[in-house]
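A quick write-up on the structure given underneath.
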Amino acid sequence: MVRSTTAAAAVEPYAMRNAIVVALLFAGGRAAADTRANCASLDADAIAVDGMLDDWQGVDRTRIGGGDRDASLDARCAVEAKTLAMSFDVRDEHVVRSAVAVGPGDDLLEIAVAGMTITIAPGLGSIAPLVKIDGKAAPKWIAVETTLQKAGWSAEISIPLAKLRGWKDGTASIDASVSYRDGDVMKAKAPERTLREALTLSLGTDSSEPIASPGDTMKAFLASTGLSKTDVTLDATAELDRSSKGSEHVVAGRRIIGLLGDKFTYVQLPADRDADVIAKPKLADLRGDGSRVVIAVVREAGGQGTRDVLLGFGAKGGSIVQLFAVEVRRERNGSKLESDWSIHPGRKPQLVVRAKPAVNWDADTYDEGPSGDAEPIALPWDDDRWGAAYTLDGDALNAHPLPGKRTTK
């Protein structure tokens with residue numbers, strides 16, 4: 001989730017490009033934090049509403065539901081001149097759709113935006129997609145398409161801004177929410193699970209007015225992110241962007257990591273709450289060439305458990321980029337795998353990860369597969385996977401076997 005703007009945009013602090021920020025709320029779970037969301041600013045007709053996602057390359061995604069392969073999604077949004085476009089890439093191992101009526105056991109995506117509720121059930125085989133607006137047939141002015149994907153299905157929506165309740169020229173933001181009902185079993189009396197999130201969409205655009213001073217940049221950054229000065233836990237100068245000469249101003253606080261200069265860019269860590277940032281962002285030497293990487297550990301919820309992921313961020317071309325992700329903890333129903341990790345300095349620094357003793361899991365009872373979006377959790381009973389020494393070669397993370405014998409069981 002990346003945002004870039006100038007300090008002049010502080011007049012409308014939520015008017016930023018290339019961003020969407022959400023908070024996840026599992027049904028029956030904890031309350032979502034107050035969040036803001038920002039849509040990319042694109043040229044008119046940049047998005048062809050066909051259910052495919054190729055037009056969304058370069059637009060930042062927001063992951064909802066963590067890495068769950070059976071109930072999670074990536075959301076994107078954009079403003080194209082006078083049109084609001086949204087896409088949803090749904091990960092679902094069992095796409096379920098009844099032939100006659102959509103019941104509680106069917107998969108269903110529901111988007112509420114500016115007082116309008118859009119209900120979408122995917123097409124499946126000869127069954128056409130179901131699209132309703134406020135419970136009625138969709139009018140011609142809204143475009144909605146779905147398509148099946150290898151890992152689930154996707155949907156695209158295009159709405160004229162003029163059709164959104166309360167919108168007028170100059171409107172900075174509108175309220176929205178997203179709900180996904182994962183059925184899994186056709187004709188079931190209740191869905192398997194439901195994801196819900198609430199967000200505020202920013203509709204503004206970037207400003208190109210000059211910056212008066214670095215202090216103005218910081219003020220605009222704090223205003224745009226909602227951070228206060230006391231929230232800032234990292235404020236340093238370091239060479240984060242190896243593609244350009246000189247150092248960058250790196251600022252972090254709560255769930256935000258920012259890169260400040262004439263403009264500022266920031267990312268929001270994939271954590272539902274500030275408390276889910278288990279290790280606060282800090283600078284680390286992982287290359288041994290004088291450059292630095294920002295590392296942090298976040299806790300993500302998905303399925304019936306949680307996981308901790310060690311994330312590393314660098315910069316390229318003035319934008320913050322994620323370099324790597326390493327799982328260091330998994331927990332489900334009282335069973336837990338956890339790893340110690342540390343950075344070993346030297347001419348070639350290493351990120352060393354070692355498995356700790358498992359809790360209520362062993363080689364016979366552990367039935368979870370490795371994550372596809374991170375280096376997998378270390379397994380204390382596996383001689384090949386009990387730990388690793390990672391090196392960062394340029395922007396590539398490489399794993400090396402640990403010397404010596406395994407010390408955990």
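Bear in mind that the values here come from a model prediction, so they are computed numbers and not experimental data. One is the number of the first residue; the rest follow in order along the sequence.
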Asp55 side-chain N/O to Ala48 backbone N/O, donor-acceptor pair under 3.5 Å: yes
Nearest-0.5 Å distance that lies between atom CG in Asp274 and atom CD1 in Ile256: 9.0 Å
pair Ile111-Ile120: side-chain heavy atoms closer than 4.5 Å: yes
Phe324/Asn398 under side chain to side chain contact (heavy atoms under 4.5 Å, CB included): CA gap, chis, key distance, verdict: CA-CA 10 Å; Phe324 60 82; Asn398 296 316; over 6 Å; no
Expected output: side-chain Arg255 to main-chain Ala271 donor-acceptor under 3.5 Å: yes
Side chain to side chain contact (heavy atoms under 4.5 Å, CB included) between Leu310 and Trp341, worked out: CA-CA 9 Å; Leu310 172 64; Trp341 64 271; 4.1 Å; yes
Salt bridge Arg91-Asp373, side-chain N to carboxylate O under 4.0 Å: no
Any Arg329 side-chain heavy atom under 4.5 Å of Ile278 side chain: no
Test item: Leu323 and Leu397 side chains (from C-beta on) under 4.5 Å apart, heavy atoms: no
Parallel, tilted or perpendicular, as decided by the 30° and 60° cut-offs, for the rings of Trp153 and Tyr180: tilted
Heavy-atom closest contact (Ala358 atom, Trp381 atom, distance): CB-CZ3, 3.9 Å
Residue pair Ile377 / Tyr366, side-chain heavy-atom distance below 4.5 Å: yes
For the student: nearest non-hydrogen atoms of Thr237 and Ser247, plus distance: CG2-CB, 3.4 Å
Rounded distance (nearest 0.5 Å) linking atom CG of Leu286 with atom CZ of Arg292: 9.5 Å
Expected output: side-chain Glu248 to main-chain Leu240 donor-acceptor under 3.5 Å: yes
Check: Thr147 side chain, Ser154 main-chain N or O, donor-acceptor pair, under 3.5 Å: no
Arg332 with Asp367: basic N within carboxylate O range, under 4.0 Å: yes
Where Trp141 and Ile159 come nearest, the two heavy atoms and their spacing: CZ3-CG2, 4.0 Å
Flag, side chain of Asp134 to backbone of Met116, donor-acceptor distance under 3.5 Å: no
Distance, nearest 0.5 Å, that separates CG of Leu222 from NZ of Lys229: 8.0 Å
Rounded distance [0.5 Å steps], CG in Asp107 versus CG in Asp182: 5.5 Å
All side chain to side chain donor-acceptor pair (under 3.5 Å) counterparts of Ser291, not counting sequence neighbours: Arg287, Asp289
Qualifying residues under side chain to side chain donor-acceptor pair (under 3.5 Å), relative to Thr233, sequence neighbours excluded: none
Donor-acceptor under 3.5 Å (Glu156 side chain, Asp50 main chain): yes
Closest heavy-atom pair and its distance - Ala238, Leu283: CB-CD1, 3.7 Å
Flag side-chain contact, heavy atom, 4.5 Å: Thr146 against Phe88: no
Leu351 side chain reached by Leu392 side chain, heavy atoms, under 4.5 Å: no
Flag side-chain contact, heavy atom, 4.5 Å: Asp285 against Pro345: no
Value rounded to 0.5 Å, distance of OG in Ser179 from CG in Leu108: 7.5 Å
Test item: Ser335 side-chain N/O and Asn360 main-chain N/O as donor-acceptor pair under 3.5 Å: yes
Ser87 side chain to Arg76 side chain, donor-acceptor N/O pair below 3.5 angstrom: no
Within-4.5 Å side-chain heavy-atom neighbours: Tyr266 and Thr225: yes
Residues, nucleotides or ligands: over 12 heavy atoms within 6.0 Å of Lys348 NZ: yes
Value rounded to 0.5 Å, distance of CD in Glu110 from OG in Ser177: 7.5 Å
Residue pair Leu259, Val250: steps toward the side chain to side chain contact (heavy atoms under 4.5 Å, CB included) verdict: CA-CA 5 Å; Leu259 195 65; Val250 186; 4.2 Å; yes
Considering all heavy atoms, the nearest Leu269-Pro281 contact: CD1-CG, 4.2 Å
Pro122 to Val95 - nearest heavy-atom pair and separation: CG-CG1, 3.9 Å
Evaluation steps, side chain to side chain contact (heavy atoms under 4.5 Å, CB included), between Leu109 and Leu73: CA-CA 10 Å; Leu109 181 66; Leu73 58 90; 4.3 Å; yes
Check: Glu80 side chain, Ala44 main-chain N or O, donor-acceptor pair, under 3.5 Å: no
Any side-chain donor near an acceptor of the partner, Ser342 and Arg354, under 3.5 Å: no
